[in-house]
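Below you will find the structure I want to go over with you.
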Number of protein chains: 2
Amino acid sequence: MIRMLADPLRLRIIELLADGPACVCHLVEDTGAKQPNISNHLRALRGAGLVVAEPHGRFTYYRLLPDAVETVAGQLAELAQRARTNADARRECP
Amino acid sequence: MIRMLADPLRLRIIELLADGPACVCHLVEDTGAKQPNISNHLRALRGAGLVVAEPHGRFTYYRLLPDAVETVAGQLAELAQRARTNADARRECP
DNA sequence: TGCTCTTATCAGTCCGTGCTGATATCAGCG
DNA sequence: CGCTGATATCAGCACGGACTGATAAGAGCA
């Protein structure tokens, strides 16, 4: 799930979709990447539940799902919180 | 930066460090990975500013930096927020 | 100082995965 | 229908990066 955000192009797609739903042709134009490449990444993101496809006639609009992103953000925030509370709990070596 | 959290072993290390600073031998034992592998990942995490090394005699304790993790969490949360506010701003295709 | 233990570094291999080119599918429109 | 344009799928290639084995560096202890 977090792995999906690791690839630069995929992160770029997500940032673009954060400005509102967009169709594949927009993403292709804005990123400069080839269309099959974008399509592949969108399939991966769809499979991870980060985006949904909304077909409108010939075009397919993709929408970023805020809940999924927020879930990841929450998990990381919780990790940070745990690290803060356990800052002094050093496990001693034998 | 986010890329550092993509690798499963590195994420595991970070989770372990969230329970408090630990030395390399602990991480080796808990993850079951070989020591050079752990050391390499720790160097990467150190380079990304996610952890710091605290040498204590022969041992080296590693500490997770909560601020770094929280920064990433904040960026993701902001992305989710933007997606929410721009949910209806669909860019029409020509 | 010599020995042991912990950690760091390096060279090499191997595998996952992102990119590309070709092609298929599908919707609208003449 | 046949054509055009948008998107999806697939096979092959290539490259980055994770893992391993050997080895070095450094600190404590006899």
Side-chain angles (χ1 to χ4, degrees), chain A residues 1-17 19-65 72 90-94, chain B residues 1-17 19-65 72 90-94:
Chain A
M1 172 69 123
I2 303 194
R3 306 180 59 108
M4 284 299 125
L5 307 172
D7 184 72
L9 181 51
R10 250 172 355 229
L11 188 57
R12 185 81 201 291
I13 291 176
I14 289 184
E15 287 172 352
L16 288 172
L17 289 182
D19 292 331
C23 72
V24 180
C25 56
H26 281 142
L27 300 174
V28 169
E29 186 175 355
D30 292 353
T31 61
K34 302 286 176 63
Q35 177 266 326
N37 196 12
I38 297 289
S39 227
N40 271 326
H41 283 302
L42 285 173
R43 174 167 52 164
L45 292 172
R46 207 177 12 177
L50 279 168
V51 303
V52 283
E54 303 178 343
H56 275 73
R58 289 192 294 186
F59 309 107
T60 306
Y61 285 90
Y62 277 87
R63 177 187 299 273
L64 180 61
L65 295 177
V72 179
R90 192 174 66 218
R91 299 167 57 188
E92 295 302 332
C93 256
Chain B
M1 173 70 123
I2 303 194
R3 305 182 59 109
M4 285 298 126
L5 307 172
D7 185 71
L9 181 51
R10 256 182 338 237
L11 188 57
R12 184 84 200 290
I13 292 176
I14 288 185
E15 287 172 353
L16 288 172
L17 290 182
D19 292 332
C23 72
V24 180
C25 55
H26 281 143
L27 299 175
V28 168
E29 186 175 355
D30 291 353
T31 62
K34 303 288 176 61
Q35 177 266 326
N37 197 10
I38 297 289
S39 228
N40 270 326
H41 284 301
L42 284 173
R43 174 167 50 162
L45 292 172
R46 207 177 14 181
L50 279 168
V51 304
V52 282
E54 302 179 344
H56 276 73
R58 289 193 293 186
F59 309 105
T60 307
Y61 286 90
Y62 277 87
R63 177 187 299 273
L64 181 60
L65 295 177
V72 180
R90 192 174 67 219
R91 299 168 56 189
E92 295 302 331
C93 256

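In what follows, chains are A, B, ... by sequence order, proteins preceding strands, each numbered from 1.
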**Nearest-0.5 Å distance that lies between atom CD1 in A/I38 and atom CG in A/L9** = 4.5 Å
**Item:** DNA chain C: 5'-most and 3'-most nucleotides touching chain A, 4.0 angstrom heavy-atom criterion
**Value:** C/dT17 to C/dG28
**Request:** Could you grab the distance from atom CG of A/L42 to atom CG of A/N37, nearest 0.5 Å is fine?
**Result:** 10.0 Å
**Message:** Considering only residues two or more places apart or on different chains, which pairs with a residue in residues 22-36 of chain A satisfy side-chain hydrogen bond (donor to acceptor under 3.5 Å, both in side chains)?
**Reply:** A/D30-B/R91
**Asked** Given A/L5 and B/L5, is the side chain to side chain contact (heavy atoms under 4.5 Å, CB included) satisfied, shown in steps?
**Response** CA-CA 9 Å; A/L5 307 172; B/L5 307 172; over 6 Å; no
**Prompt:** Mind checking what makes side-chain hydrogen bond (donor to acceptor under 3.5 Å, both in side chains) contact with B/Y61, not counting sequence neighbours?
**Reply:** A/E92
**Contact list for DNA chain C against residues 19-29 of chain B - heavy-atom distance below 4.0 Å** = B/C23, B/V24, B/C25
Check the interface with nucleotides 18-21 of chain D: list each N/O to N/O pair with the protein under 3.5 Å, or write none.
residue : atom : partner : partner atom : Å
D/dA18  : OP1  : B/R10   : NH1          : 3.1
D/dA18  : OP1  : B/R10   : NH2          : 3.1
D/dC19  : OP2  : B/N37   : OD1          : 3.2
D/dC19  : OP2  : B/N37   : ND2          : 3.2
D/dC19  : OP2  : B/H41   : NE2          : 2.6
D/dC19  : O5'  : B/N37   : ND2          : 3.1
D/dG21  : OP2  : B/K34   : NZ           : 3.1

**Request:** Note down the inter-axis angle between the two ends of the helix from C/dT1-D/dA30 to C/dG30-D/dC1, five pairs each, to the nearest 10°.
**Result:** 20°
**Request:** Tell me, please, which residues at least two apart from B/A53 pass side chain to side chain contact (heavy atoms under 4.5 Å, CB included).
**Result:** B/R46, B/T60, B/Y62
**Message:** In whole Å, I'd like the distance from the CD atom of B/Q35 to the P atom of D/dA22.
**Reply:** 14 Å
**Message:** Within this structure, what is the CZ-CD distance for the pair B/R90 and A/E54, rounded to the nearest 0.5 Å?
**Reply:** 7.0 Å
**Asked** Mind checking what makes side-chain hydrogen bond (donor to acceptor under 3.5 Å, both in side chains) contact with B/N40, not counting sequence neighbours?
**Response** B/R43
**Asked** Does B/M4 offer a backbone N or O that forms a donor-acceptor pair with the side chain of B/R10 under 3.5 Å?
**Response** yes
**Request:** Look up atom CD1 in B/I14 and atom CG in B/L64, then write down how far apart they are to the nearest 0.5 Å.
**Result:** 6.0 Å
**Message:** With side chain to side chain contact (heavy atoms under 4.5 Å, CB included) as the test, pick out the partner of B/L45 among B/V52, B/L50, B/D7.
**Reply:** B/L50
**Message:** How close do A/A22 and A/L27 get, counting heavy atoms only, and between which atoms?
**Reply:** CB-CD2, 4.5 Å
**side-chain hydrogen bond (donor to acceptor under 3.5 Å, both in side chains) partners for B/R58, two or more places apart** = none
**Asked** Sequence neighbours excluded, which residues qualify as side-chain hydrogen bond (donor to acceptor under 3.5 Å, both in side chains) partners of B/E15?
**Response** none
**Request:** Pull out every residue in residues 53-63 of chain B that has a heavy atom closer than 4.0 Å to any atom of DNA chain C, ordered by number, or say none.
**Result:** B/R58, B/F59, B/T60, B/Y62
